[in-house]
2 protein chains.
Amino acid sequence: MKIDPSNPADLSAQIAGAIRDAIIAGTLIVDERLPSEAELAEQFDVSRPTVREALKRLAAQSLIRTQRGATGGAFVNRLSFEAAQPQQITTSTLLLSMNAVSFSTACEARYALERACAPLAAARRSADHLATMRAEIHRQGQPGLTDEAFCASDVAFHRALVDGAGNPVLSYQLAGAVEAMQPLMNMITFTARDRARIIDLHTRIADAVEAQDDAATAQGLTALERETQALAERVFEARKPRS
Amino acid sequence: MKIDPSNPADLSAQIAGAIRDAIIAGTLIVDERLPSEAELAEQFDVSRPTVREALKRLAAQSLIRTQRGATGGAFVNRLSFEAAQPQQITTSTLLLSMNAVSFSTACEARYALERACAPLAAARRSADHLATMRAEIHRQGQPGLTDEAFCASDVAFHRALVDGAGNPVLSYQLAGAVEAMQPLMNMITFTARDRARIIDLHTRIADAVEAQDDAATAQGLTALERETQALAERVFEARKPRS
DNA sequence: GATTTTCATATGTCTTACATTTAATGTTTG
DNA sequence: CAAACATTAAATGTAAGACATATGAAAATC
(Lines give C-alpha, C1' and ligand atoms only; values in the text may rest on other atoms or scores of the structure.)
Protein backbone atom coordinates (compact mmCIF):
# COMPACT_ATOMS: atom_id res chain seq x y z
CA MET A 1 0.00 0.00 0.00
CA LYS A 2 1.70 3.14 -1.23
CA ILE A 3 0.68 6.71 -1.94
CA ASP A 4 2.15 9.34 -4.21
CA PRO A 5 2.97 12.64 -2.45
CA SER A 6 3.24 14.43 -5.80
CA ASN A 7 -0.32 13.46 -6.67
CA PRO A 8 -2.49 16.57 -6.71
CA ALA A 9 -5.29 14.67 -4.93
CA ASP A 10 -5.60 14.97 -1.17
CA LEU A 11 -3.32 12.67 0.78
CA SER A 12 -6.25 11.60 2.93
CA ALA A 13 -8.18 10.60 -0.19
CA GLN A 14 -5.23 8.59 -1.46
CA ILE A 15 -4.78 6.83 1.86
CA ALA A 16 -8.48 6.06 2.11
CA GLY A 17 -8.38 4.70 -1.42
CA ALA A 18 -5.41 2.47 -0.66
CA ILE A 19 -7.07 1.00 2.42
CA ARG A 20 -10.38 0.61 0.58
CA ASP A 21 -8.65 -1.28 -2.22
CA ALA A 22 -7.00 -3.55 0.32
CA ILE A 23 -10.39 -4.34 1.82
CA ILE A 24 -11.94 -5.04 -1.57
CA ALA A 25 -8.99 -7.18 -2.62
CA GLY A 26 -9.27 -9.17 0.59
CA THR A 27 -5.87 -8.15 1.92
CA LEU A 28 -7.69 -6.83 4.97
CA ILE A 29 -10.16 -9.30 6.42
CA VAL A 30 -13.41 -8.59 8.23
CA ASP A 31 -12.89 -7.69 11.89
CA GLU A 32 -9.17 -7.33 11.33
CA ARG A 33 -7.64 -4.44 13.22
CA LEU A 34 -5.83 -1.79 11.24
CA PRO A 35 -2.54 -0.43 12.59
CA SER A 36 -3.01 2.40 15.07
CA GLU A 37 -3.31 5.92 13.75
CA ALA A 38 0.25 6.68 14.81
CA GLU A 39 1.57 3.60 13.01
CA LEU A 40 -0.40 4.39 9.86
CA ALA A 41 0.95 7.93 9.97
CA GLU A 42 4.48 6.57 10.04
CA GLN A 43 3.80 4.00 7.31
CA PHE A 44 2.39 6.55 4.90
CA ASP A 45 4.77 9.24 6.11
CA VAL A 46 2.05 11.74 6.94
CA SER A 47 0.73 13.31 10.11
CA ARG A 48 -1.90 11.79 12.36
CA PRO A 49 -4.68 14.28 11.45
CA THR A 50 -4.25 13.31 7.79
CA VAL A 51 -4.59 9.64 8.68
CA ARG A 52 -7.64 10.45 10.74
CA GLU A 53 -9.30 12.24 7.83
CA ALA A 54 -8.72 9.15 5.72
CA LEU A 55 -10.24 6.90 8.39
CA LYS A 56 -13.28 9.16 8.68
CA ARG A 57 -13.84 8.84 4.96
CA LEU A 58 -13.89 5.08 5.30
CA ALA A 59 -16.12 5.24 8.37
CA ALA A 60 -18.60 7.34 6.39
CA GLN A 61 -18.94 4.43 3.99
CA SER A 62 -19.28 1.93 6.84
CA LEU A 63 -16.11 0.20 5.70
CA ILE A 64 -14.52 0.50 9.13
CA ARG A 65 -15.57 1.16 12.71
CA THR A 66 -13.43 2.65 15.45
CA GLN A 67 -13.25 1.82 19.10
CA ARG A 68 -11.61 3.79 21.84
CA GLY A 69 -9.67 2.47 24.74
CA ALA A 70 -6.81 0.11 25.39
CA THR A 71 -7.72 -2.59 22.85
CA GLY A 72 -9.33 -0.07 20.55
CA GLY A 73 -8.51 0.94 17.02
CA ALA A 74 -10.02 0.80 13.57
CA PHE A 75 -11.55 -2.49 12.49
CA VAL A 76 -12.74 -3.65 9.10
CA ASN A 77 -16.51 -3.77 9.14
CA ARG A 78 -18.61 -6.63 7.93
CA LEU A 79 -20.76 -4.56 5.60
CA SER A 80 -24.30 -5.69 6.34
CA PHE A 81 -27.38 -5.19 4.23
CA GLU A 82 -28.98 -3.40 7.17
CA ALA A 83 -26.10 -0.90 7.40
CA ALA A 84 -25.86 -0.35 3.65
CA GLN A 85 -29.58 0.21 3.12
CA PRO A 86 -29.90 3.65 4.77
CA GLN A 87 -27.01 4.97 2.71
CA GLN A 88 -28.48 3.50 -0.42
CA ILE A 89 -31.77 5.22 0.35
CA THR A 90 -30.14 8.56 1.10
CA THR A 91 -28.21 8.44 -2.16
CA SER A 92 -31.22 7.43 -4.21
CA THR A 93 -33.34 10.17 -2.68
CA LEU A 94 -30.75 12.82 -3.41
CA LEU A 95 -30.22 11.56 -6.93
CA LEU A 96 -33.90 12.02 -7.67
CA SER A 97 -34.24 15.42 -6.02
CA MET A 98 -31.04 16.89 -7.46
CA ASN A 99 -31.31 15.67 -11.02
CA ALA A 100 -34.80 16.75 -11.92
CA VAL A 101 -35.82 13.16 -12.55
CA SER A 102 -39.43 13.27 -13.60
CA PHE A 103 -42.05 11.58 -11.49
CA SER A 104 -42.88 9.48 -14.49
CA THR A 105 -39.33 8.16 -14.92
CA ALA A 106 -38.91 7.30 -11.25
CA CYS A 107 -42.31 5.67 -11.13
CA GLU A 108 -41.58 3.59 -14.20
CA ALA A 109 -38.33 2.33 -12.70
CA ARG A 110 -39.93 1.53 -9.39
CA TYR A 111 -42.75 -0.55 -10.81
CA ALA A 112 -40.52 -2.29 -13.34
CA LEU A 113 -38.32 -3.40 -10.46
CA GLU A 114 -41.26 -4.46 -8.33
CA ARG A 115 -42.68 -6.53 -11.13
CA ALA A 116 -39.34 -8.32 -11.17
CA CYS A 117 -40.08 -9.46 -7.62
CA ALA A 118 -43.62 -10.59 -8.37
CA PRO A 119 -42.89 -14.19 -9.43
CA LEU A 120 -40.53 -14.79 -6.51
CA ALA A 121 -42.82 -13.11 -3.98
CA ALA A 122 -45.78 -15.14 -5.22
CA ALA A 123 -43.80 -18.34 -4.91
CA ARG A 124 -42.25 -17.72 -1.51
CA ARG A 125 -44.46 -15.27 0.39
CA SER A 126 -44.70 -16.13 4.07
CA ALA A 127 -47.65 -15.58 6.39
CA ASP A 128 -45.60 -12.83 7.98
CA HIS A 129 -45.27 -10.79 4.81
CA LEU A 130 -48.91 -11.27 3.94
CA ALA A 131 -49.95 -10.09 7.40
CA THR A 132 -47.84 -6.96 7.02
CA MET A 133 -49.41 -6.20 3.65
CA ARG A 134 -52.93 -6.69 5.01
CA ALA A 135 -52.16 -4.54 8.04
CA GLU A 136 -50.90 -1.69 5.88
CA ILE A 137 -53.95 -1.92 3.64
CA HIS A 138 -56.12 -1.64 6.73
CA ARG A 139 -54.16 1.35 7.96
CA GLN A 140 -54.54 3.06 4.59
CA GLY A 141 -58.32 2.86 4.93
CA GLN A 142 -58.50 4.59 8.27
CA PRO A 143 -60.11 8.03 8.23
CA GLY A 144 -58.11 11.04 9.27
CA LEU A 145 -54.88 9.65 7.91
CA THR A 146 -52.57 12.39 6.62
CA ASP A 147 -51.27 12.20 3.08
CA GLU A 148 -47.79 11.72 4.45
CA ALA A 149 -48.81 8.81 6.65
CA PHE A 150 -50.68 7.32 3.71
CA CYS A 151 -47.48 7.45 1.63
CA ALA A 152 -45.43 5.94 4.43
CA SER A 153 -47.88 3.08 4.68
CA ASP A 154 -47.75 2.66 0.91
CA VAL A 155 -43.97 2.31 1.12
CA ALA A 156 -44.30 -0.23 3.94
CA PHE A 157 -46.76 -2.24 1.86
CA HIS A 158 -44.44 -2.37 -1.11
CA ARG A 159 -41.42 -3.22 0.99
CA ALA A 160 -43.31 -6.16 2.45
CA LEU A 161 -44.06 -7.29 -1.09
CA VAL A 162 -40.40 -7.00 -2.07
CA ASP A 163 -39.18 -8.73 1.08
CA GLY A 164 -41.61 -11.52 0.29
CA ALA A 165 -39.34 -12.48 -2.58
CA GLY A 166 -36.97 -13.79 0.07
CA ASN A 167 -33.86 -12.54 -1.69
CA PRO A 168 -31.73 -10.13 0.37
CA VAL A 169 -29.96 -8.80 -2.71
CA LEU A 170 -33.27 -7.89 -4.31
CA SER A 171 -34.56 -6.32 -1.11
CA TYR A 172 -31.45 -4.20 -0.82
CA GLN A 173 -31.55 -2.97 -4.40
CA LEU A 174 -35.24 -2.19 -4.29
CA ALA A 175 -35.19 -0.40 -0.96
CA GLY A 176 -33.53 2.55 -2.67
CA ALA A 177 -35.99 2.66 -5.54
CA VAL A 178 -39.06 2.32 -3.33
CA GLU A 179 -38.06 4.67 -0.53
CA ALA A 180 -36.65 7.34 -2.81
CA MET A 181 -40.09 7.71 -4.34
CA GLN A 182 -41.58 8.79 -1.04
CA PRO A 183 -40.64 12.48 -1.22
CA LEU A 184 -42.07 12.62 -4.73
CA MET A 185 -45.26 10.89 -3.60
CA ASN A 186 -45.54 13.31 -0.71
CA MET A 187 -46.04 16.12 -3.19
CA ILE A 188 -49.34 14.56 -4.17
CA THR A 189 -52.64 15.13 -2.39
CA PHE A 190 -54.82 12.06 -2.29
CA THR A 191 -58.56 12.48 -2.43
CA ALA A 192 -60.79 9.93 -0.73
CA ARG A 193 -61.61 8.52 -4.15
CA ASP A 194 -57.89 8.21 -5.01
CA ARG A 195 -57.21 6.35 -1.80
CA ALA A 196 -60.09 3.99 -2.37
CA ARG A 197 -58.75 3.09 -5.81
CA ILE A 198 -55.24 2.50 -4.48
CA ILE A 199 -56.46 0.43 -1.57
CA ASP A 200 -58.51 -1.61 -3.99
CA LEU A 201 -55.45 -2.33 -6.10
CA HIS A 202 -53.38 -3.13 -3.03
CA THR A 203 -56.00 -5.65 -2.00
CA ARG A 204 -55.96 -7.15 -5.47
CA ILE A 205 -52.17 -7.50 -5.30
CA ALA A 206 -52.22 -9.01 -1.82
CA ASP A 207 -54.86 -11.50 -2.93
CA ALA A 208 -52.78 -12.47 -5.94
CA VAL A 209 -49.69 -12.95 -3.81
CA GLU A 210 -51.64 -15.03 -1.33
CA ALA A 211 -52.99 -17.15 -4.16
CA GLN A 212 -49.41 -17.46 -5.46
CA ASP A 213 -50.60 -16.17 -8.80
CA ASP A 214 -47.57 -14.40 -10.24
CA ALA A 215 -49.30 -13.21 -13.40
CA ALA A 216 -52.10 -11.57 -11.44
CA THR A 217 -49.55 -9.98 -9.11
CA ALA A 218 -47.71 -8.45 -12.04
CA GLN A 219 -50.97 -7.27 -13.58
CA GLY A 220 -51.99 -5.68 -10.31
CA LEU A 221 -48.69 -3.83 -10.15
CA THR A 222 -49.09 -2.64 -13.72
CA ALA A 223 -52.59 -1.38 -12.97
CA LEU A 224 -51.28 0.39 -9.86
CA GLU A 225 -48.52 2.00 -11.87
CA ARG A 226 -51.02 3.30 -14.42
CA GLU A 227 -53.23 4.61 -11.64
CA THR A 228 -50.29 6.33 -9.94
CA GLN A 229 -49.02 7.88 -13.16
CA ALA A 230 -52.47 9.18 -14.07
CA LEU A 231 -53.00 10.57 -10.59
CA ALA A 232 -49.65 12.37 -10.63
CA GLU A 233 -50.40 13.79 -14.04
CA ARG A 234 -53.72 15.17 -12.83
CA VAL A 235 -52.16 16.73 -9.77
CA PHE A 236 -49.21 18.31 -11.58
CA GLU A 237 -51.45 19.49 -14.41
CA ALA A 238 -53.78 21.19 -11.95
CA ARG A 239 -50.88 23.01 -10.36
CA LYS A 240 -49.28 24.20 -13.56
CA PRO A 241 -51.51 27.25 -14.24
CA ARG A 242 -50.44 28.75 -10.95
CA SER A 243 -46.80 29.13 -11.95
CA MET B 1 -28.19 23.13 12.89
CA LYS B 2 -27.08 22.12 16.35
CA ILE B 3 -25.04 19.36 17.89
CA ASP B 4 -25.02 17.85 21.35
CA PRO B 5 -21.58 17.82 23.05
CA SER B 6 -22.82 15.31 25.63
CA ASN B 7 -23.73 12.85 22.86
CA PRO B 8 -21.41 9.87 23.04
CA ALA B 9 -21.11 9.85 19.23
CA ASP B 10 -18.17 11.57 17.61
CA LEU B 11 -18.59 15.29 17.18
CA SER B 12 -17.45 14.98 13.57
CA ALA B 13 -20.17 12.41 12.92
CA GLN B 14 -22.79 14.68 14.47
CA ILE B 15 -21.66 17.67 12.43
CA ALA B 16 -21.59 15.62 9.23
CA GLY B 17 -25.09 14.39 10.02
CA ALA B 18 -26.38 17.91 10.62
CA ILE B 19 -25.00 19.17 7.32
CA ARG B 20 -26.22 16.08 5.49
CA ASP B 21 -29.72 16.61 6.87
CA ALA B 22 -29.62 20.22 5.73
CA ILE B 23 -28.72 19.10 2.22
CA ILE B 24 -31.47 16.50 2.13
CA ALA B 25 -34.01 18.95 3.51
CA GLY B 26 -33.04 21.48 0.87
CA THR B 27 -31.75 24.07 3.35
CA LEU B 28 -28.47 23.88 1.50
CA ILE B 29 -28.83 24.18 -2.26
CA VAL B 30 -26.69 22.62 -4.96
CA ASP B 31 -23.48 24.60 -5.61
CA GLU B 32 -24.05 26.65 -2.50
CA ARG B 33 -20.89 27.38 -0.57
CA LEU B 34 -20.69 26.24 3.04
CA PRO B 35 -19.12 28.58 5.60
CA SER B 36 -15.35 28.31 5.77
CA GLU B 37 -13.85 25.68 8.06
CA ALA B 38 -12.94 28.34 10.60
CA GLU B 39 -16.49 29.72 10.62
CA LEU B 40 -18.01 26.25 10.95
CA ALA B 41 -15.64 25.54 13.83
CA GLU B 42 -16.90 28.64 15.59
CA GLN B 43 -20.57 27.91 14.82
CA PHE B 44 -20.41 24.38 16.21
CA ASP B 45 -17.95 25.40 18.92
CA VAL B 46 -15.37 22.80 17.97
CA SER B 47 -11.86 22.89 16.58
CA ARG B 48 -10.98 23.06 12.92
CA PRO B 49 -9.67 19.47 12.65
CA THR B 50 -13.03 18.23 13.93
CA VAL B 51 -14.84 20.24 11.29
CA ARG B 52 -12.45 18.91 8.66
CA GLU B 53 -13.15 15.32 9.67
CA ALA B 54 -16.85 16.01 9.26
CA LEU B 55 -16.31 17.52 5.81
CA LYS B 56 -14.20 14.54 4.74
CA ARG B 57 -17.06 12.24 5.71
CA LEU B 58 -19.38 14.19 3.45
CA ALA B 59 -16.82 14.29 0.66
CA ALA B 60 -16.53 10.50 0.84
CA GLN B 61 -20.21 10.31 -0.02
CA SER B 62 -19.83 12.85 -2.83
CA LEU B 63 -22.19 15.19 -1.02
CA ILE B 64 -19.69 18.06 -1.12
CA ARG B 65 -16.55 19.01 -3.00
CA THR B 66 -13.77 21.28 -1.78
CA GLN B 67 -11.71 23.83 -3.60
CA ARG B 68 -8.58 25.56 -2.43
CA GLY B 69 -7.69 29.16 -2.94
CA ALA B 70 -9.18 32.57 -2.36
CA THR B 71 -12.73 31.83 -3.49
CA GLY B 72 -12.45 28.21 -2.41
CA GLY B 73 -14.35 26.33 0.20
CA ALA B 74 -16.78 23.43 0.47
CA PHE B 75 -19.64 23.36 -2.02
CA VAL B 76 -22.75 21.21 -2.11
CA ASN B 77 -22.38 18.72 -4.92
CA ARG B 78 -24.99 17.96 -7.52
CA LEU B 79 -25.00 14.21 -6.94
CA SER B 80 -24.86 12.72 -10.42
CA PHE B 81 -25.70 9.20 -11.47
CA GLU B 82 -22.18 8.88 -12.84
CA ALA B 83 -20.62 9.80 -9.50
CA ALA B 84 -22.96 7.62 -7.45
CA GLN B 85 -22.57 4.53 -9.60
CA PRO B 86 -18.98 3.57 -8.62
CA GLN B 87 -19.88 3.79 -4.95
CA GLN B 88 -23.00 1.75 -5.52
CA ILE B 89 -20.91 -0.90 -7.28
CA THR B 90 -18.26 -0.96 -4.55
CA THR B 91 -20.90 -1.38 -1.87
CA SER B 92 -22.76 -4.09 -3.75
CA THR B 93 -19.55 -6.01 -4.41
CA LEU B 94 -18.53 -5.88 -0.76
CA LEU B 95 -22.01 -6.88 0.37
CA LEU B 96 -21.82 -10.04 -1.71
CA SER B 97 -18.27 -10.95 -0.77
CA MET B 98 -18.64 -10.29 2.96
CA ASN B 99 -22.01 -11.85 3.57
CA ALA B 100 -21.54 -15.25 2.01
CA VAL B 101 -24.35 -14.59 -0.45
CA SER B 102 -24.64 -17.70 -2.57
CA PHE B 103 -24.01 -17.52 -6.26
CA SER B 104 -27.52 -18.76 -6.78
CA THR B 105 -29.11 -15.92 -4.77
CA ALA B 106 -27.10 -13.20 -6.46
CA CYS B 107 -27.77 -14.69 -9.87
CA GLU B 108 -31.49 -14.90 -9.21
CA ALA B 109 -31.60 -11.24 -8.19
CA ARG B 110 -29.61 -10.12 -11.17
CA TYR B 111 -31.75 -11.86 -13.74
CA ALA B 112 -35.00 -10.91 -12.05
CA LEU B 113 -33.93 -7.27 -12.28
CA GLU B 114 -32.78 -7.60 -15.86
CA ARG B 115 -36.07 -9.15 -16.88
CA ALA B 116 -37.70 -6.04 -15.45
CA CYS B 117 -35.83 -4.02 -18.08
CA ALA B 118 -36.76 -6.32 -20.94
CA PRO B 119 -40.06 -4.69 -21.97
CA LEU B 120 -38.60 -1.18 -21.80
CA ALA B 121 -35.40 -2.14 -23.59
CA ALA B 122 -37.36 -3.89 -26.32
CA ALA B 123 -39.54 -0.84 -26.80
CA ARG B 124 -36.83 1.80 -26.76
CA ARG B 125 -33.55 0.17 -27.80
CA SER B 126 -31.47 2.45 -29.97
CA ALA B 127 -29.09 1.47 -32.76
CA ASP B 128 -26.29 2.43 -30.44
CA HIS B 129 -27.22 -0.07 -27.75
CA LEU B 130 -27.78 -2.79 -30.29
CA ALA B 131 -24.38 -2.14 -31.82
CA THR B 132 -22.73 -2.42 -28.40
CA MET B 133 -24.47 -5.70 -27.72
CA ARG B 134 -23.45 -7.13 -31.10
CA ALA B 135 -19.87 -5.95 -30.62
CA GLU B 136 -19.62 -7.65 -27.23
CA ILE B 137 -21.07 -10.85 -28.64
CA HIS B 138 -18.42 -10.75 -31.33
CA ARG B 139 -15.69 -10.17 -28.78
CA GLN B 140 -16.90 -13.12 -26.73
CA GLY B 141 -16.41 -15.42 -29.71
CA GLN B 142 -12.80 -14.53 -30.28
CA PRO B 143 -10.29 -17.28 -29.52
CA GLY B 144 -7.69 -16.78 -26.83
CA LEU B 145 -9.97 -14.65 -24.69
CA THR B 146 -9.27 -15.12 -21.00
CA ASP B 147 -12.10 -16.07 -18.68
CA GLU B 148 -11.80 -12.71 -17.00
CA ALA B 149 -12.10 -10.81 -20.27
CA PHE B 150 -15.05 -12.99 -21.22
CA CYS B 151 -16.79 -12.03 -17.97
CA ALA B 152 -16.02 -8.35 -18.48
CA SER B 153 -17.55 -8.52 -21.93
CA ASP B 154 -20.55 -10.32 -20.50
CA VAL B 155 -21.05 -7.45 -18.05
CA ALA B 156 -20.72 -4.90 -20.85
CA PHE B 157 -23.34 -6.79 -22.88
CA HIS B 158 -25.81 -6.78 -20.02
CA ARG B 159 -25.19 -3.15 -19.19
CA ALA B 160 -25.96 -2.23 -22.78
CA LEU B 161 -29.21 -4.16 -22.47
CA VAL B 162 -30.10 -2.33 -19.27
CA ASP B 163 -29.15 1.07 -20.65
CA GLY B 164 -31.36 0.29 -23.61
CA ALA B 165 -34.33 0.72 -21.31
CA GLY B 166 -33.57 4.43 -21.42
CA ASN B 167 -34.29 4.98 -17.75
CA PRO B 168 -31.38 6.43 -15.74
CA VAL B 169 -32.90 5.30 -12.45
CA LEU B 170 -33.08 1.73 -13.66
CA SER B 171 -29.54 1.87 -15.06
CA TYR B 172 -28.23 3.16 -11.76
CA GLN B 173 -29.95 0.53 -9.65
CA LEU B 174 -28.95 -2.32 -11.95
CA ALA B 175 -25.33 -1.30 -12.29
CA GLY B 176 -24.74 -2.52 -8.76
CA ALA B 177 -26.47 -5.84 -9.30
CA VAL B 178 -24.77 -6.55 -12.62
CA GLU B 179 -21.25 -5.45 -11.74
CA ALA B 180 -21.23 -7.02 -8.32
CA MET B 181 -21.71 -10.40 -9.96
CA GLN B 182 -18.43 -10.11 -11.84
CA PRO B 183 -16.14 -11.31 -9.04
CA LEU B 184 -18.43 -14.29 -8.56
CA MET B 185 -18.47 -15.04 -12.27
CA ASN B 186 -14.69 -14.78 -12.35
CA MET B 187 -14.50 -17.85 -10.14
CA ILE B 188 -15.91 -19.89 -12.98
CA THR B 189 -13.89 -21.45 -15.79
CA PHE B 190 -15.69 -21.41 -19.11
CA THR B 191 -15.11 -24.26 -21.51
CA ALA B 192 -15.40 -23.62 -25.24
CA ARG B 193 -18.74 -25.39 -25.19
CA ASP B 194 -19.97 -23.18 -22.31
CA ARG B 195 -18.99 -20.06 -24.17
CA ALA B 196 -20.72 -21.21 -27.32
CA ARG B 197 -23.96 -21.76 -25.41
CA ILE B 198 -23.78 -18.35 -23.75
CA ILE B 199 -22.95 -16.57 -27.00
CA ASP B 200 -25.88 -18.34 -28.60
CA LEU B 201 -28.22 -17.08 -25.90
CA HIS B 202 -26.78 -13.59 -26.11
CA THR B 203 -27.48 -13.61 -29.83
CA ARG B 204 -31.00 -14.77 -29.18
CA ILE B 205 -31.53 -11.93 -26.72
CA ALA B 206 -30.03 -9.32 -29.03
CA ASP B 207 -32.27 -10.56 -31.84
CA ALA B 208 -35.32 -10.33 -29.63
CA VAL B 209 -34.44 -6.81 -28.53
CA GLU B 210 -33.86 -5.78 -32.13
CA ALA B 211 -37.23 -7.26 -33.11
CA GLN B 212 -38.75 -5.38 -30.14
CA ASP B 213 -40.14 -8.67 -28.89
CA ASP B 214 -40.29 -8.24 -25.12
CA ALA B 215 -41.56 -11.73 -24.40
CA ALA B 216 -38.73 -13.34 -26.34
CA THR B 217 -36.24 -11.07 -24.59
CA ALA B 218 -37.50 -12.17 -21.19
CA GLN B 219 -37.46 -15.81 -22.26
CA GLY B 220 -33.89 -15.45 -23.47
CA LEU B 221 -32.87 -13.99 -20.13
CA THR B 222 -34.60 -16.81 -18.30
CA ALA B 223 -32.81 -19.37 -20.44
CA LEU B 224 -29.51 -17.62 -19.81
CA GLU B 225 -30.17 -17.61 -16.08
CA ARG B 226 -30.83 -21.35 -16.12
CA GLU B 227 -27.69 -21.94 -18.15
CA THR B 228 -25.60 -19.82 -15.77
CA GLN B 229 -27.01 -21.47 -12.66
CA ALA B 230 -26.41 -24.95 -14.09
CA LEU B 231 -22.89 -24.04 -15.15
CA ALA B 232 -22.04 -22.65 -11.72
CA GLU B 233 -23.45 -25.73 -10.06
CA ARG B 234 -21.28 -27.98 -12.20
CA VAL B 235 -18.17 -25.97 -11.50
CA PHE B 236 -18.71 -25.72 -7.75
CA GLU B 237 -19.70 -29.38 -7.55
CA ALA B 238 -16.53 -30.43 -9.36
CA ARG B 239 -14.42 -28.42 -6.90
CA LYS B 240 -16.04 -29.73 -3.78
CA PRO B 241 -14.21 -33.08 -3.53
CA ARG B 242 -10.91 -31.24 -3.34
CA SER B 243 -11.69 -29.54 -0.07
C1' DG C 1 -5.21 49.45 -21.52
C1' DA C 2 -2.84 45.17 -20.88
C1' DT C 3 0.31 42.81 -18.07
C1' DT C 4 2.52 41.79 -13.99
C1' DT C 5 2.84 41.88 -9.04
C1' DT C 6 1.06 41.76 -4.70
C1' DC C 7 -2.06 40.29 -1.42
C1' DA C 8 -5.83 38.30 1.08
C1' DT C 9 -8.31 34.10 1.83
C1' DA C 10 -9.20 29.44 2.14
C1' DT C 11 -7.94 24.69 2.18
C1' DG C 12 -4.05 21.14 2.99
C1' DT C 13 -0.75 19.54 6.25
C1' DC C 14 2.26 19.17 10.38
C1' DT C 15 3.33 19.45 15.30
C1' DT C 16 2.27 19.20 19.91
C1' DA C 17 -0.58 18.73 23.57
C1' DC C 18 -4.29 17.22 26.42
C1' DA C 19 -8.81 14.66 27.35
C1' DT C 20 -11.25 10.42 27.50
C1' DT C 21 -12.19 5.69 27.17
C1' DT C 22 -11.09 1.04 28.14
C1' DA C 23 -8.89 -3.16 29.27
C1' DA C 24 -5.24 -5.20 31.64
C1' DT C 25 -2.44 -5.10 35.59
C1' DG C 26 -1.39 -4.50 40.24
C1' DT C 27 -2.82 -3.74 45.06
C1' DT C 28 -5.38 -3.76 48.93
C1' DT C 29 -8.72 -5.70 51.92
C1' DG C 30 -12.24 -8.86 53.82
C1' DC D 1 -7.57 -16.88 48.68
C1' DA D 2 -10.77 -14.10 46.40
C1' DA D 3 -13.02 -9.97 45.39
C1' DA D 4 -13.16 -5.17 45.16
C1' DC D 5 -10.57 -1.29 44.14
C1' DA D 6 -6.92 1.66 42.29
C1' DT D 7 -3.31 2.25 38.81
C1' DT D 8 -1.50 2.30 34.42
C1' DA D 9 -0.89 2.06 29.54
C1' DA D 10 -2.60 2.35 24.96
C1' DA D 11 -5.59 3.96 21.87
C1' DT D 12 -8.90 7.27 19.89
C1' DG D 13 -11.13 12.03 20.37
C1' DT D 14 -10.33 16.94 20.51
C1' DA D 15 -7.89 21.39 20.64
C1' DA D 16 -4.60 25.07 19.30
C1' DG D 17 -1.29 27.10 16.54
C1' DA D 18 1.66 27.27 12.72
C1' DC D 19 3.15 26.94 8.04
C1' DA D 20 2.50 25.51 3.04
C1' DT D 21 0.05 26.12 -1.04
C1' DA D 22 -3.37 27.31 -4.33
C1' DT D 23 -6.14 30.86 -6.36
C1' DG D 24 -8.87 34.75 -7.47
C1' DA D 25 -8.92 39.71 -7.13
C1' DA D 26 -7.08 44.05 -6.54
C1' DA D 27 -3.18 47.09 -7.09
C1' DA D 28 0.87 48.55 -9.34
C1' DT D 29 3.57 48.96 -13.42
C1' DC D 30 4.78 49.38 -18.20
Side-chain angles (χ1 to χ4, degrees), chain A residues 1-20 23 28 31-77, chain B residues 1-20 23 28-77:
Chain A
M1 279 200 305
K2 283 280 151 56
I3 58 170
D4 175 15
S6 68
N7 193 313
D10 293 0
L11 292 179
S12 68
Q14 290 183 57
I15 294 170
I19 297 177
R20 175 166 41 242
I23 293 175
L28 293 170
D31 289 335
E32 184 174 337
R33 184 179 170 282
L34 296 177
S36 73
E37 294 176 351
E39 288 171 316
L40 285 173
E42 197 176 3
Q43 273 186 37
F44 287 112
D45 199 27
V46 297
S47 68
R48 216 186 119 207
T50 302
V51 167
R52 283 182 61 78
E53 287 177 9
L55 294 180
K56 294 311 169 195
R57 292 179 114 110
L58 298 173
Q61 298 176 298
S62 306
L63 292 183
I64 62 168
R65 63 181 180 278
T66 55
Q67 213 174 355
R68 297 177 70 170
T71 60
F75 298 83
V76 177
N77 250 339
Chain B
M1 279 200 306
K2 284 281 151 55
I3 57 170
D4 175 16
S6 69
N7 194 312
D10 293 1
L11 292 179
S12 67
Q14 288 183 57
I15 294 171
I19 297 176
R20 176 168 39 240
I23 293 175
L28 293 170
I29 314 295
V30 165
D31 290 335
E32 185 173 336
R33 184 181 171 284
L34 296 176
S36 73
E37 295 176 352
E39 287 171 316
L40 285 173
E42 197 175 2
Q43 273 186 38
F44 287 113
D45 198 28
V46 298
S47 70
R48 213 184 123 209
T50 302
V51 167
R52 283 181 60 78
E53 287 176 8
L55 294 180
K56 294 312 169 195
R57 293 179 114 109
L58 298 173
Q61 298 176 297
S62 306
L63 292 182
I64 62 168
R65 62 180 181 278
T66 56
Q67 211 174 355
R68 296 177 68 170
T71 60
F75 298 85
V76 178
N77 249 340

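A, B, ... follow the sequence lines: proteins, then strands. Residue 1 opens every chain.
Under the salt bridge (Lys or Arg N to Asp or Glu O under 4.0 Å) criterion, the residue pairs touching residues 57-70 of chain A are A/Asp31-A/Arg65, with sequence neighbours excluded.
A heavy-atom distance below 4.5 Å is not found between the side chains of B/Ile23 and B/Arg20. The closest side-chain heavy-atom distance from B/Val51 to B/Val46 is below 4.5 Å. Taking 4.5 Å as the limit, some side-chain heavy atom of A/Asp10 sits within range of a side-chain heavy atom of B/Lys56. Residues A/Leu55 and A/Leu34 form a side-chain contact, since some pair of their non-hydrogen atoms from C-beta on lies under 4.5 Å apart. Under the 4.5 Å side-chain criterion, counting only non-hydrogen atoms from C-beta, A/Leu63 is not in contact with A/Ile19.
Residues B/Leu58 and B/Ala16 approach most closely at CD2-O, 3.5 Å, considering heavy atoms. A/Ile64 and A/Asn77 get closest at one heavy-atom pair: O-ND2, 3.3 Å. In this structure, B/Ser12 and B/Ala54 approach most closely via the heavy-atom pair O-CB, 3.3 Å. In plain terms, the two heavy atoms of A/Pro35 and A/Gln43 that are nearest each other are CG-NE2, 3.7 Å.
For B/Arg65 and C/dT11, the CZ to C1' distance is 15 Å, given to the nearest whole Å. In this structure, the CZ atom of A/Arg48 is 14 Å from the P atom of C/dA17, given to the nearest Å.
Among residues two or more places apart in sequence or in another chain, the salt bridge (charged side-chain N to carboxylate O under 4.0 Å, His left out) test is passed with A/Arg33 by none.
Under the 3.5 Å distance criterion, the side-chain polar atoms of A/Glu53 are left unmatched by any main-chain donor or acceptor of B/Arg52.
At most 12 non-hydrogen atoms from other residues, nucleotides or ligands lie less than 6.0 angstrom from CD of A/Glu42.
Residues from residues 50-63 of chain B that place a heavy atom under 4.0 Å from any atom of DNA chain D, listed by number: B/Thr50.
Helix-axis bend for the helix from C/dG1-D/dC30 to C/dG30-D/dC1: the local axis fitted to the five terminal pairs at one end deviates from that at the other end by 10°, rounded to 10°.
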Which atoms of nucleotides 6-10 of chain C (N or O only) lie under 3.5 Å from a protein N or O atom, and what are those distances?
| unit_1 | atom_1 | unit_2 | atom_2 | d |
| --- | --- | --- | --- | --- |
| C/dT9 | O2 | B/Ala70 | N | 3.4 |
| C/dA10 | O4' | B/Gly69 | O | 3.3 |

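With a cutoff of under 4.0 Å to any heavy atom of chain B, the contacted region of DNA chain D is bounded 5' to 3' by D/dG13 to D/dG24.
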